[in-house]
Protein chains: 2
Amino acid sequence: MELARQSLTGHASGPQPGLDGKGPLFGQIKRAVAGQILRGHWQAGERLPNEAELSSLYGVSRQTVNKAIALLAREGFLVRRRRAGTFVAAGRSDRFALPIEDIGDVVAREGRVYEFRILDRKSLRNGAAIHWPDVPDGTPILALDCLHFSDGTPIQVERRLVNLDAVPEVAAEPFDRVSPGRWLVDRVPWSSAEHTVRAVNATADMAALLGVEPGAACLSMRRQTVHLNRPITLVHFLSVGERFSLSGSSITDSATELNL
Amino acid sequence: MELARQSLTGHASGPQPGLDGKGPLFGQIKRAVAGQILRGHWQAGERLPNEAELSSLYGVSRQTVNKAIALLAREGFLVRRRRAGTFVAAGRSDRFALPIEDIGDVVAREGRVYEFRILDRKSLRNGAAIHWPDVPDGTPILALDCLHFSDGTPIQVERRLVNLDAVPEVAAEPFDRVSPGRWLVDRVPWSSAEHTVRAVNATADMAALLGVEPGAACLSMRRQTVHLNRPITLVHFLSVGERFSLSGSSITDSATELNL
DNA sequence: CGTCCCATTATGTACATACATTATTCCCGC
DNA sequence: GCGGGAATAATGTATGTACATAATGGGACG
């Protein structure tokens, strides 16, 4: 089938240097170009051959080269400037990331039993007992306190505010089966979010909830979710340091994606 | 100029519903489709019109639709299956991320003075005093202990191992000007990395270095960088909880990118 | 000698077309 | 009815072509 695909190219060119014949042509080009850079043949800041040259070098059309190069640029590996050319991007120290998942998924993936319990549930208005900065005063808000368990051990406290103007249906939801986090994710599919992670010492009441000594190190995570410019929910998670960690790899799993 | 662009389309179709005439056509299609979903007209799991239908709906060619839809799929908004069709992706709780930057950049961006000091520097071989699991025993390793300051206050301890087989030049580098982290980023352009973040209580010696009480909550970050399947460096950062936090927003700033 | 303008060059976008790939669906034979 | 295979419908990839856009660099002209 690879042969069949290659025979499609109308070019009568040579052995297509650097291409491995695996998968789509534009992917092969991506790998070939990325390989050149990873191997140091093309240094950071250096200018690449232009699309026409690459096209004849690899024996494919300019569009195919364009697709490969444009994707590499979109992934942050290359920088392109019209008329100037295509350049190898500088270091990408700022592009590492930590994925943040639903705690239930994390627990389930570890093969443990996930449970949660609603500790408290209040309807109130913003500005009185509670102040949510990005929401106008007087906005109706649902405040939820929730505790998450892994194999029966408490691992995370969740304090959540939900904007009832934005998600009125939440008022009728009992949260006896689905956790508030998951319910919201399913309901408001795509939102942008901001989060902050820090380490804090457990206060006495938090320590009691989580079953640890007061002062134990905890991971504190604040996340505000916004949808159509309206704040949807503001969550504060507190997790026991010993029982919870965040881990992940680079955003663009380019190495994986490119099979390098 | 928009008119000029639109006049290019060989289609004699109508007012191109939902398109805003701003920027490239495929971008307009992206915004239009994303808008349909954000507004709830197309629900999660629902099937979209196929490329041919979208193409005639918007009065553009199938390639242009394909480019827009393929990009939305690559960004995680849609799921495509051959023959079956294109579907609105389910919630994306797992796609949030925290960017991780060079500590010097973070401090500088806050308008503070960044400094660092090398506390200790040893050349040794793996397996003896130190064991780096992903590196063969006997591999020569440079071990660095480093302290980072913001406006003179210590904020982070760094314990770093560097694989001297992979980066022999590091042995000659004095690190009097450039911090080890930055030096490596500049030297080894693209590597993939894995990291883990957790909260720990400061041990006595760490607390002394950071100038806090023993037991103070600290953010602990482990990061291993790999290049061409060879581990390059293994770092362990420890930061004072009160003086350091990680924050970031969604990976795909699609809302930004799509101007929604 | 300097400044403006235009030709050149490289990327960016769009369309038409063709064929590949892959599930699904449906129908036929058993 | 059931299993298997063919038709089909959707996306995926590749090429050719054309023109748009932007920035560079050099040449004309003051």
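Side chains are part of it too, since the values below use all heavy atoms of this structure and drop only hydrogens, waters and symmetry mates. All chains are named by letter (A, B, ...) in the order of the sequence lines, taking the proteins before the strands, and each is independently numbered beginning at 1.
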Tell me, please, which residues at least two apart from A:E115 pass side chain to side chain donor-acceptor pair (under 3.5 Å). none
Taking only residues two or more places apart in sequence, or in another chain, which ones meet A:R187 in a salt bridge (charged side-chain N to carboxylate O under 4.0 Å, His left out)? none
Check the distance between C:dA20's C1' and A:L25's CG and give it to me in whole angstrom. 12 Å
In chain order, what residues pass the side-chain contact (heavy atoms from CB on, under 4.5 Å) check against A:F116, with sequence neighbours excluded? A:Y114, A:I118, A:C146, A:H148, A:S179, A:P180
OP1 or OP2 of D:dA10 versus the side-chain N and O atoms of B:T86: is any pair under 4.0 Å? no
A:R81 side chain N/O closer than 4.0 Å to the phosphate oxygens (OP1, OP2) of D:dT24? yes
Write down the protein N/O and nucleotide N/O pairs, taken from nucleotides 3-8 of chain D, whose separation is under 3.5 Å; answer none if there are no such pairs.
| unit_1 | atom_1 | unit_2 | atom_2 | d |
| --- | --- | --- | --- | --- |
| D:dT8 | O2 | B:R83 | NH1 | 2.6 |

Can you tell me the distance, in whole Å, between the CD atom of A:Q28 and the P atom of D:dT13? 12 Å
B:F26 CZ to C:dT11 P, in whole Å, measures 16 Å
Would one find a side-chain N or O of B:R82 under 4.0 angstrom from OP1 or OP2 of D:dG12? no
Does B:R80 make a side-chain N or O approach to OP1 or OP2 of D:dG12 shorter than 4.0 Å? yes
Under-3.5 Å donor-acceptor pair between B:R62 side chain and D:dG12 base: yes
Given atom CZ of B:R47 and atom P of D:dA9, what is their separation to the nearest angstrom? 11 Å
Which whole-number value in Å describes the distance from B:K67 NZ to D:dT11 P? 18 Å
Taking only residues at least two apart or on different chains, which pairs with a member in residues 160-175 of chain B satisfy side-chain hydrogen bond (donor to acceptor under 3.5 Å, both in side chains)? B:E158-B:R160, B:R160-B:T233, B:E173-B:W183
Separation of A:Q63 atom CD from C:dC15 atom P, in whole Å? 14 Å
Between B:Q28 and B:G23 (side chain of the first, backbone of the second, donor and acceptor by atom type, cut-off under 3.5 Å), is there such a pair? yes
Would a distance-only check, ignoring hydrogens and angles, find a side-chain to backbone donor-acceptor pair under 3.5 Å from A:T196 to A:R222? no
Among all residues two or more places apart in sequence or in another chain, which pass the salt bridge (charged side-chain N to carboxylate O under 4.0 Å, His left out) test with B:R230? none
Rounding to an integer number of Å, can you tell me how far B:N50 CG sits from D:dG12 P? 12 Å
Does a nitrogen or oxygen in the side chain of B:T64 sit under 4.0 Å from OP1 or OP2 of C:dT13? no
Spacing of B:N66 atom CG relative to D:dT15 atom P, expressed in whole Å: 16 Å
